[in-house]
Amino acid sequence: MPTCKGMSDRFNRFAHAASEHVGTSRAFVSAMVVVLLWAVTGPLFHFSDAWQLVINTSTTIITFLMVFLIQATQNRDAKALHLKLDELIRVQARARDIFADLEDASDEEIAELARQFKRTHKGAEKRHHHGAKADASDKSGTH
């Protein structure tokens with residue numbers, strides 16, 4: 001019997017490959033062709049309940065399974081991204097350690113950090129705006 005780790009590794013590889021495939025224009029065109037073929041066959045089956053059931057059941061099953069594959073891929077990508085950012089924060093001397101565990105912060109803590117960054121951004125905008133005015137007056141010879 002395969003170990004959980006082995007099964008998990010195989011699932012991760014499969015989920016990644018599947019999400020890479022379904023995220024292409026070729027997969028989209030293939031899906032469109034299937035839908036068009038289904039629509040074209042409507043008159044052959046007299047637009048029966050069974051004909052409708054084929055597309056409804058197929059798309060429901062595919063969507064259901066894809067939700068899990070895409071979520072698994074996104075979870076893994078998010079974890080990898082967090083680790084990369086944690087490493088950048090760790091090696092940056094001026095970085096605040098609170099950002100290393102931000103995904104565990106409360107909504108209030110995140111909102112406060114967002115307000116801090118908004119104030120920082122506004123301050124930088126003012127400095128940039130005043131600096132641009134000073135540069136323009138230097139070039140025109142007026143102060």
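These values consider heavy atoms only, across backbone and side chains, with no hydrogens, waters or symmetry-generated copies.
In terms of heavy atoms, N56 sits closest to T59 at O-OG1, 3.2 Å.
When hydrophobic clusters are built by joining Ile, Leu, Val, Met, Phe, Trp and Tyr residues whose side-chain heavy atoms come closer than 4.5 Å, directly or via intermediates, V40 is not grouped with F47. In the hydrophobic cluster analysis, where Ile, Leu, Val, Met, Phe, Trp and Tyr join through side-chain heavy atoms closer than 4.5 angstrom, I62 is grouped apart from V35.
The pair E87-R90 meets the salt-bridge criterion, since a charged nitrogen lies less than 4.0 angstrom from a carboxylate oxygen. The pair R115-E108 does not count as a salt bridge, with every side-chain nitrogen at least 4.0 angstrom from each carboxylate oxygen.
Side-chain contact between Q92 and I89 is absent, with no heavy atoms from C-beta onward closer than 4.5 Å. Looking only at side-chain heavy atoms (C-beta outward), E109 and E112 stay at 4.5 Å or farther from each other.
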> Is there a side-chain contact (heavy atoms from CB on, under 4.5 Å) between R13 and R10 once you walk through the steps?
Replying inline: CA-CA 5 Å; R13 285 193 304 273; R10 282 193 299 280; 3.3 Å; yes
> Can L113 and L102 be said to form a side-chain contact (heavy atoms from CB on, under 4.5 Å), step by step?
Replying inline: CA-CA 10 Å; L113 288 168; L102 200 55; 3.3 Å; yes
> Given S30 and V34, is the side-chain contact (heavy atoms from CB on, under 4.5 Å) satisfied, shown in steps?
Replying inline: CA-CA 6 Å; S30 297; V34 168; 5.7 Å; no
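Residue pairs satisfying the ring-ring contact (aromatic ring centres under 6.0 Å, His included) criterion with at least one member in residues 12-36, sequence neighbours excluded, are absent.
Judged by distance alone, the side chain of T41 and the main-chain N or O of L44 form no donor-acceptor pair under 3.5 Å. Side chain of W38 to backbone of Q52: no donor-acceptor contact under 3.5 angstrom is found. For T57 (side chain) and V54 (main-chain N/O), no donor-acceptor pair under 3.5 Å exists by modelled atom type. Here the side chain of T73 pairs a donor or acceptor atom with the backbone of A15 at under 3.5 angstrom. Side-chain N or O atoms of S8 include none that pairs as donor or acceptor with a backbone N or O of C4 at under 3.5 Å.
Other residues sharing a hydrophobic cluster with L37 under the 4.5 Å side-chain heavy-atom criterion for ILVMFWY residues are V29, V33.
Within the model, atoms CE of M32 and CG of L36 stand 5.0 Å from one another, a figure rounded to the nearest 0.5 Å. The structure places CD of E103 at 6.0 Å from CG of D86, a figure rounded to the nearest 0.5 Å. L81 CG to L85 CG: the interatomic distance, rounded to the nearest 0.5 Å, is 4.5 Å. For the atom pair CG of D77 and CD1 of I70, the computed distance is 12.0 Å after rounding to the nearest 0.5 Å. Separating the CG atom in L69 from the CG atom in N12 is a distance of 10.5 Å, to the nearest 0.5 Å.
Within a 6.0 Å radius of CZ in R119, more than 12 heavy atoms belonging to other residues, nucleotides or ligands are found.
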